[in-house]
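Notes to accompany the following structure.
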Amino acid sequence: MRSDYCGDLRTADEGRQVQVCGWVARRREHGEHLAFIDLRDHTGLIQCVVDGAHELRSEFVVRVTGTVRRRPDGTANSELPTGEVEVGDCTVEVLSGSDPVPFPIDERVEVDETLRLRHRYLDLRAARLQGNLRIRASVNAALRAAMTDQGFVEIETPLLIASTPEGARDFVVPSRLSPGEFYALPQSPQLFKQLCMVGSVDRYYQIARCLRDEDLRADRQFEFSQLDLEASFVTQADILEMVGVAIGAAVSAVRNVEPGPIPHMTWREAMDRFGSDKPDVRFGLELVDVTAVFSSTEFNAFRAPSVKAICVPGGADTTRSRLDDLTDRAKRWGAKGLVWMRVEEDGINSPVSKFLSAEELTGLREATGASTGDLLLLVADEWRATCHVLGLLRLELGRPGVNEGGLQFLWVIDFPLFEAIGDDGSPVPAHHPFTMPHADDLHLLDSTEPTDLLAMRSQAYDLVLNGWELGSGSVRIHDPAVQRRIFGLLGISSDEAQKRFGFLLDAFRFGAPPHAGFAFGIDRLVALLAGEENIREVIAFPKTQSGGDPLTGAPGALDAGQLDELGLRVLPPAT
RNA sequence: GGUCCCGUGGUGCAGUUUGGAGUGCACGCCGGCCUGUCAAGCCGGAGGUCGCGGGUUCAAAUCCCGUCGGGACCGCCA
């Protein structure tokens, strides 16, 4: 039916009789007996010269039989890869007609996203999504090859599993055979991959679909894909190396460059310098600790456990309304306030400068390296709150576009084991409860001091790319005694632990190898490699921010018969 | 749970601040002309519940309240 793809024809094909199939992208009529058709398939466009095209319309599906010829002198189109040639002496068969399309299939027009999603099959015809889906496919292929090369075995794990109350909200599936009971869809294959380790698989991986019922964002969908992996008899360093190999393969499959070794940064340093556990290191505006400068200040707002500043070079001309806007944002992010200071020729211009001593102002300029023309922004609070607010402010002020600054991968290591002490007095795990404490901090497990517990580091690590958390992993606890100790600290009784994770704990009684793993989001990686700031652009059929699918109408109601069969009754909406 | 932005012929926008006739631009669509265009060109034409509901007003796309849809973000996402 077809001899060539549209986008493949070149001068080397001159003289060949070809059959090309595709969609009419554009039609240019020049009277009754000359017209040009741009024929489009997934490879690109080819111009066909036809004897009249009045019956043809945009997006008609046609098969064109003709001869490839060099275009007449002066009529080549340098914008098109196929622009040196055209298909002439054409016979056109209409294989399928088309109504006028609801939006132009043209990159140059930004169309309402609901409309694009409602007619996703049309949106997919555009080069942007065609390219993105193919980038995604080559990333998947490169990851599979890299994992296979490293001795990993691809294993599929179940989608219908038991709900565990940890982590994100589960999507649940009612059971017909056990009315009133439910499966959960996996948030990740976490427990199964650890069982694979107990089962002596040694190295497991999977491109796994994961589902979490949490609010959607530009970088979050209900459903997403992870490269999920786990290995036995390895250290954290081994896992980082293996993931680095996979990432390198994915990057070089899309770009023609190897990303090189991925630098490491401790969690503490990331928070201190960037105010985030997923720092975007493509730009400066780093946080500067100035707590010491105000150690004996008279200014109440700065009598806080942590005072930090951002110096915005050349920012002194920031307008008052913009500063007010930044202050509003800082407050919405949880700050008690935001102090701004314009560094001017004759000193510091700030609403609070009269509360500060000369020594403090001098110390501040020294600590931040601020010079005339700069803007200083300060927040004072608990250390975590200060870092958090200034970290968000930093992104607001300087974050580069998705295609700027290259690909800056970063390992964030030495995460804390616990992120806070909960209301019940038990520490709250920062990762999951199977995370191995850092070897140097194991002795703190026996401490009863909250500060000791919060100081404990874990063998957990995140991979970050340009400020996006790509994924996380950890060395797991394989020793039942340590696991019991952790559950005890978390306030999880052995009965409760047995109820929640009994099958895993049982498995660990029969010889669990030391093991560690990782998982990273393929949607996010592909989006950044494709230069997209939204993962919906690299997903064939994504959902809107409110979790709907304008194409299929999901989610929708069930009819009474289905509900009966499942033993379900729908309550009226709460008011 | 919260903050902010958007919604105007098929598409993308302007018009909303300061109320005065559905006014404008570009693309697309339909018809005609046109033998080297390429986002073809020229001429003509059709096409509107200004998201929806209520309110204020002599008068609402415009002001107010509510609601629906979309987007960005905070919370949330072990």
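Every chain is numbered from 1 and lettered A, B, ... according to where its sequence line falls, protein lines coming before strand lines. Computed from heavy atoms alone, side chains included, the values below leave out hydrogens, waters and symmetry copies. Computed from a prediction, not measured in an experiment: that's the story for all the values here.
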Classify the nucleic acid contact of A:Asn534 as base, sugar-phosphate or nothing, counting any heavy atom under 4.0 Å across all strands shown.
sugar-phosphate

Regarding A:Asp523 and A:Gln221, is there a side-chain donor-to-acceptor distance under 3.5 Å anywhere?
no

Output field: ring centroids A:Trp23/A:Tyr121 closer than 6.0 Å:
no

Taking the same atom, P, in B:rG66 and in B:rU3, what whole-Å distance lies between them?
11 Å

Checking A:Phe508, A:Phe501, A:Tyr204 against A:Gln194 for side-chain contact (heavy atoms from CB on, under 4.5 Å), the one that qualifies is A:Phe508

C1'-based separation of B:rG2 from B:rG9 [nearest Å]:
37 Å

Using a heavy-atom cut-off of 4.0 Å across all strands, would you classify A:Asp112 as base, sugar-phosphate, or nothing?
sugar-phosphate

Using the side-chain heavy atoms of A:Phe103, tell me which of these nucleotides is nearest: B:rC73, B:rU11, B:rG69.
B:rU11

Just checking A:Ala35: base, sugar-phosphate only, or nothing, at a heavy-atom cut-off of under 4.0 Å?
nothing

Pairing donors with acceptors under 3.5 angstrom, does anything connect the side chains of A:Thr552 and A:Asp549?
yes

Identify the residue among A:Arg28, A:Arg27, A:Arg26 that makes a side chain to side chain donor-acceptor pair (under 3.5 Å) with A:Asp38.
A:Arg28

Determine the contact category for A:Gln545: base if any of its heavy atoms lies under 4.0 Å from a base atom, sugar-phosphate if only primed atoms, P, OP1 or OP2 are that close, otherwise nothing.
base

Strictly by modelled atom types, are A:Gln459 and A:Asp414 linked by a side-chain donor-acceptor pair under 3.5 Å?
no

Sugar-phosphate only, base, or nothing, as touched by A:His54 at under 4.0 Å among non-hydrogen atoms:
sugar-phosphate

Just the rounded figure in Å: distance from C1' of B:rG36 to CD1 of A:Ile37.
15 Å

Picking from B:rA72, B:rU11, B:rG36, the nucleotide nearest the side-chain atoms of A:Leu115 would be B:rU11

Taking any heavy-atom pair under 4.0 Å as a contact, classify A:Pro104: base, sugar-phosphate, or nothing.
sugar-phosphate

Base, sugar-phosphate, or nothing: which does A:Thr435 touch, judged by heavy atoms less than 4.0 Å apart?
nothing

Give me the distance, rounded to whole Å, that separates B:rU37 from B:rG41 when you measure between the C1' atoms they each carry.
9 Å

Only pairs with both distances under 3.5 Å count, Watson-Crick or wobble alike; so what is the partner of B:rU16 in this structure?
none

Do the side-chain N or O atoms of A:Arg217 get closer than 4.0 angstrom to the phosphate oxygens (OP1, OP2) of B:rC74?
yes

Is there a side-chain contact between A:His388 and the phosphate of B:rG75, meaning an N or O under 4.0 Å from OP1 or OP2?
yes

The nucleotide from B:rC34, B:rU37, B:rG71 with an atom nearest the side chain of A:Thr544 is B:rG71

Span that lies between the P atom of B:rA61 and that of B:rU8, in whole angstrom
15 Å

Side chain of A:Ala218 (C-beta onward), nearest among B:rC29, B:rC73, B:rA40:
B:rC73

Between A:Glu214 and A:Arg27, which residue's closest nucleotide on RNA chain B lies nearer the 5′ terminus?
A:Arg27

Neighbour count >12 (heavy atoms, 6.0 Å) for atom CD, A:Glu84
no

Inter-nucleotide C1' distance (B:rC50, B:rU62), Å rounded:
10 Å

Of the listed nucleotides (B:rA40, B:rG12, B:rA72), which one gets closest to any side-chain atom of A:Arg26?
B:rA40

OP1 or OP2 of B:rA40 less than 4.0 angstrom from a side-chain nitrogen or oxygen of A:Arg28, does that happen here?
yes

NA contact type, A:Arg220, heavy-atom cut-off 4.0 Å: base, sugar-phosphate, or nothing?
base

Selected nucleotide, minimal atom distance to A:Leu392 side chain, candidates B:rC74, B:rG12, B:rG32
B:rC74

Scan A:Arg536 against the nucleic acid and name what it touches under 4.0 Å (heavy atoms): base, sugar-phosphate only, or nothing.
sugar-phosphate

In Watson-Crick or G-U wobble terms, both distances under 3.5 Å, what is the partner of B:rC77?
none

Pi stacking test for A:His30 and B:rG36: under 5.5 Å apart, planes under 30°
no

Side chain of A:Glu86, base of B:rG36: donor and acceptor closer than 3.5 Å?
yes

